[in-house]
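Chain letters run A, B, ... following the sequence lines, proteins first, then strands; residues in each count from 1.
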Amino acid sequence: MTIEKTTEKKDYYISTPIYYVNAQPHIGHAYTTIVADVLSRYRKLMGYETFFLTGTDEHGDKVKRAAEEKGISPKEYADEISGLFRALWPELKISNDYFIRTTDEDHIKVVQLILQKVYDAGDIYFESYGGLYCTGCERFYVERELVDGKCPDHEVKPEYIEESNYFFKMSKYQDWLIKHINDNPEFIRPKRYKNEILAFLREPLEDLCISRPKSRIDWGIELPFDEKYVTYVWFDALINYLTGVGFPDGDNFKKFWPVAEHLVAKDIIKPHGIYWPTMLKAAGIEPYQHLNVHGYWNVNESKMSKSLGNIVAPLSLKDKYGLDAFRYYLMREMVFGLDATFSEEGMVARINADLANDLGNLVSRSLSMATKYLGGTIPSPGGKGDPSDDRLISTAMRVLPQYTKLMDSLAFSKALAEIWDLVGECNRYIVENAPWELAKDEAKKGRLARVMYNILETLRFIGTLIIPFMPDVAEEILTMIGVRADFSHKRLDELMSWGGLPIGAQVMPASQLFPRVDPVDVDKSEALVKDSEKVVEEAQSVSVVKVEEETQTVSAKEAVAVVDKKRWWRWGKKQKTELPLGGLITYDEFKRLDMRLGVVTNAVAVPKSNKLLKLTVNIGEERTVVAGIGKHYSPDELVGKRVVLLANLEPAKLMGIESQGMVLAVVDDEGGLALVTIEKELLPGSRLS
RNA sequence: GGCGGUGUAGCUCAGAUGGUUAGAGCAUGCGGCUCAUAUCCGCAGUGUCCGGGGUUCAAUUCCCUGCACCGCCA
């Protein structure tokens, strides 16, 4: 069985959200964009013409204020952050066809064009209203949200102000939208998110406020029908999907808009599932075809490589282990639509098991045998076929339709599992036929040739199927087995018939595609895992914690209150837990680390642990600290040492003992460890700066 | 506070329109092979399918409720 020949020409348009320029790129952005890339490459492989759009969103007060702080213009600030995204995508081998910025001239024109159109159609109206406004939050409050009549975040009384704004008559399209979703069951997928949207639509929709007076915010796109206002978020941002593909009269728009699909994370399904289709309807434009919604990566930082608190940011793992391994892990680990856990430990497990042991070793042993037994030349399949051949070939032919079916339904994880069935089958085939035995017997040369041919041909299948996921490795494998054709422009149905391997071509000598990785040193104590998860998260969102007993904690709420709550591409709490990529930090950020000179007054080994020591450290007060340094220091030699204690780290329980801080140390590549000490005898409790 | 989601093997997670022994990978143990990256192949397990109630001949799967965690909204 071969996959269906695609005779008619097909098109495919996939978009990511445009990312807001107030945060650096992180794992969430990377995942969405990689998924879009996989889809785009997959469709190309299937013979589609594709258009793949990503970009940045650059208007809004948040950007303006951030720019002011840095003493530059909003545009300059946006240029800078937008540049970070642009620079990242090539590193992730993202094959986007266009990168849109909401500050682009053509985008501004398109937004105004559509606003005018909807306004002329009578779906935008002007209304005054009054309310209690907190300048700190930049939002209105209703009475019952206030605490003692004050803003719960800023603890100041909001003032009553009157304001007039423009509203989009979204409610008018509610019934149409419900019907559209019911008539097109795949409009929002997976189903759980469609249900969520429908549940929301059971309540009456309110109209959408789409403007801000320039007196309050001026970094935005001016309303075409009122120069005193700029448009607020929705029309500004969502319309990028039109501008990016050449609306109103570009060729790409005509070609690709009818097949448009969006890809978003679950936190922004409302703007995309409700606001956007109604906006399009009002503008007289056909809605998109599919809204594809994925879940969240929960970053399990306690299982990220860390030694004494040095957590590796998820994105940096692509450099550590290689881009294709990174892409593989993301696509294999997450079931599309559901949340998944990201951890370095998990990634290393996948790399070792799936990539190094299964696939990498298969390629290596195959090429090695081809070189040893056949002089590296792909043989013409001689000898007789037997049942094991049939089984291998039928597995390969079964995998194909499964693969396309699963890829079409966004089941990437299963599609990869399907490919790995073939990897496993090939490994079994090798054991069963033992080419090393056949090679010993001159009479079995023909059979050897057939067996080797089947193995290498299976590698060609595998190499081709992984093109969307691991473009570099796919190319490497195919090149190694002598497939030098420019496969990037071939269609799957042309590539995938058994026997396509060029006889007589030379294979390359075996090499390591994926080196094995030493498993990360992670303490598997459950207490540690559970507690430190929370600690890390909270430590990130708490801005000030004093050392003294009368600890004054600023709530996480306040710390993030400045974040514009309506910016829908904000990645929820991920933004808080995520570490920066390693860019510059401000002095204010540094100041948040309360590091003190401490003197170790007592040290004992923690029972049942081979590397944890329980230390008592004097920093003006006694702190109990659990440190994983038992392999490098004996308790005795520690007493009296002047160490550096990170004093405002949220306490964590390790092996049942509460650790109230972290002793700083250095670890080198060879596993050596040394505590940071202070060379002079200064007063304990003094602060490092 | 309202709406929605999730809770399944040591770990990460699939799955069942209700029905014979509930699955995969990893980790663990034992056996085999030696072409290969100490890799590969075979075998072996283990589960109060979150707690409680209900519907049913039958529920882990449906309904109600409680708990925990997550998202959206206010």
Side-chain angles (χ1 to χ4, degrees), chain A residues 139-146 152 190-203 206 265-271 273-274 293 295-298 300 303 329 332-343 345-374 411 413-414 416-418 420-421 423-440 448 451-452 455 509-517 519 522 524-526 529-530 533-534 537 565-566 568 570-574:
Chain A
R139 57 164 283 201
F140 286 95
Y141 277 96
V142 294
E143 205 69 59
R144 63 187 161 86
E145 291 175 282
L146 302 175
K191 209 169 168 184
R192 54 180 4 99
Y193 297 111
K194 171 185 129 179
N195 292 342
E196 203 167 315
I197 291 290
L198 284 174
F200 189 82
L201 286 171
R202 280 197 287 272
E203 304 293 320
E206 291 190 6
K266 66 179 182 180
D267 56 338
I268 53 175
I269 58 174
K270 229 163 87 180
I274 297 177
V293 187
Y296 266 178
W297 281 101
N298 293 307
N300 186 340
K303 290 193 179 176
Y329 172 73
R332 179 67 183 79
E333 198 72 7
M334 178 176 269
V335 174
F336 189 87
L338 300 178
D339 289 0
T341 306
F342 187 103
S343 74
E345 194 186 53
M347 188 169 155
V348 167
R350 282 276 174 218
I351 290 173
N352 283 340
D354 300 356
L355 298 181
N357 294 352
D358 291 348
L359 177 59
N361 183 58
L362 171 63
V363 171
S364 168
R365 71 197 301 204
S366 305
L367 294 178
S368 159
M369 289 188 289
T371 307
K372 267 187 200 170
Y373 308 145
L374 309 169
S413 182
K414 281 186 181 168
L416 283 167
E418 201 67 39
W420 256 253
D421 268 1
V423 172
E425 196 56 50
C426 194
N427 271 321
R428 273 185 289 278
Y429 180 79
I430 291 173
V431 168
E432 203 171 336
N433 286 285
W436 49 92
E437 292 296 333
L438 298 175
K440 288 177 189 163
L448 175 65
V451 167
M452 287 310 302
I455 293 168
S511 71
Q512 273 202 3
L513 280 178
F514 301 100
R516 276 184 68 83
V517 179
V522 176
K524 293 204 178 70
S525 146
E526 214 175 304
V529 170
K530 289 256 157 60
E533 252 170 66
K534 285 219 159 100
E537 260 171 38
K565 288 181 176 154
K566 286 289 184 242
W568 45 261
R570 185 168 64 89
W571 284 76
K573 60 188 295 196
K574 297 300 166 294

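- Look at A36(B): it lacks any Watson-Crick or wobble partner with both distances under 3.5 angstrom.
- With rounding to whole Å, Lys194(A) atom NZ is found 21 Å from C3(B) atom P.
- Distance, Phe336(A) CZ to A14(B) C1': 17 Å, rounded to whole Å.
- When Watson-Crick and G-U wobble pairs are counted only if both distances are under 3.5 Å, C72(B) pairs with G2(B).
- Within the 4.5 Å cutoff, the side chain of Arg192(A) has no heavy atoms near those of the Val293(A) side chain.
- Among C72(B), C41(B), U39(B), the nucleotide with an atom closest to any side-chain atom of Arg516(A) is U39(B).
- If you check every strand for non-hydrogen atoms under 4.0 Å, Ala434(A) touches nothing.
- Projected onto RNA chain B by closest heavy-atom contact, Val423(A) and Pro515(A) fall at different nucleotides, the more 5' of which corresponds to Pro515(A).
- Closest approach to the Asp339(A) side chain among U12(B), C70(B), C13(B) is made by C70(B) (side chain taken as heavy atoms from C-beta onward).
- The 5' end of RNA chain B is approached more closely, in terms of each residue's nearest nucleotide, by Glu196(A) than by the other of Glu196(A) and Lys414(A).
- Across all strands, Glu203(A) comes closer than 4.0 Å to no nucleic acid atom at all (heavy-atom distances).
- Proximity note for Ala199(A) (side chain, C-beta onward) versus C3(B), U6(B), A14(B): the nearest is C3(B).
- Within residues 354-364 of chain A, the residues that place at least one heavy atom under 4.0 Å from RNA chain B are, in residue-number order, Ala356(A), Asn357(A), Asp358(A), Gly360(A), Asn361(A), Ser364(A).
- The side chain of Val431(A) sits closest to C40(B) out of C40(B), C73(B), A36(B).
- U55(B) is unpaired under the criterion used here, namely a Watson-Crick or G-U wobble arrangement in which both key atom distances are under 3.5 Å.
- By the 4.5 Å heavy-atom criterion applied to side chains, Tyr429(A) and Val451(A) are counted as neighbours.
- A donor-acceptor distance shorter than 3.5 angstrom exists from the side chain of Tyr329(A) to the backbone of Ser343(A), with no hydrogens or angles considered.
- Spacing between atom OH of Tyr373(A) and atom P of C35(B) amounts to 5 Å, rounded to whole angstrom units.
- Residues satisfying the ring pair (Phe, Tyr, Trp, His ring centres under 6.0 Å) criterion with Phe336(A), sequence neighbours excluded, are Phe412(A).
- Proximity of Lys270(A) to the phosphate of C3(B): no side-chain N or O atom is located under 4.0 Å from OP1 or OP2.
- Of the nucleotides present, C30(B) is the one that pairs with G42(B) by Watson-Crick or G-U wobble criteria, both distances under 3.5 Å.
- Backbone-only engagement by Glu437(A) is indicated by non-hydrogen atom pairs under 4.0 Å involving sugar-phosphate atoms exclusively.
- Spacing between A68(B) and C26(B) at atom C1', rounded to whole Å, works out to 26 Å.
- The side chain to side chain contact (heavy atoms under 4.5 Å, CB included) with Ile455(A) is formed by just one residue from the set Asn433(A), Ile430(A), Leu367(A); it is Ile430(A).
- Relative to the ring axis of Tyr296(A), Lys266(A) places its NZ or CZ within 45° and under 6.0 Å from the centre.
- For Arg350(A), counting side-chain heavy atoms from C-beta on, the closest listed nucleotide (C72(B), G25(B), C35(B)) is G25(B).
- Across the protein-nucleic acid pair, Tyr329(A) atom OH and G25(B) atom C1' stand 13 Å apart, rounded to whole Å.
- The gap from the C1' atom of G54(B) to that of C70(B) amounts to 28 Å, rounded to the nearest Å.
- Using the Watson-Crick or G-U wobble rule with both distances under 3.5 Å, G18(B) pairs with nothing in any strand shown.
- Applying the Watson-Crick and G-U wobble criteria (two distances, each under 3.5 Å), G25(B) pairs with C11(B).
- Side-chain atoms of Asp339(A) never come within 3.5 Å of backbone atoms of Gly295(A) as a donor-acceptor pair (strictly under, hydrogens ignored).
- Using a 4.0 Å heavy-atom criterion, one finds that Ile269(A) contacts no nucleic acid atom at all.
- Between Met452(A) and Ala370(A) the shortest heavy-atom distance is CE-N, 3.6 Å.
- Side-chain contact between Ser368(A) and Lys372(A) is present, with heavy atoms from C-beta onward closer than 4.5 Å.
- When rounded to the nearest whole Å, the span between CZ of Arg332(A) and P of U12(B) equals 16 Å.
- Here the P atom of nucleotide C40(B) and the CH2 atom of Trp420(A) are 13 Å apart, to the nearest Å.
- Closest approach to the Tyr296(A) side chain among U12(B), C35(B), C72(B) is made by C72(B) (side chain taken as heavy atoms from C-beta onward).
- For Ser413(A) and C13(B), the shortest distance from a side-chain N or O to OP1 or OP2 is not below 4.0 Å.
- The partner of U48(B) is absent, by the rule that a Watson-Crick or G-U pair needs both atom distances under 3.5 Å.
- Note: CZ (Arg428(A)) to C1' (A36(B)) measures 17 Å, nearest angstrom.
- Asp421(A) has its CG atom 10 Å from the C1' atom of A24(B), to the nearest Å.
- Across all their heavy atoms, Val363(A) and Leu513(A) have their closest contact at CG2-CD1, 3.9 Å.
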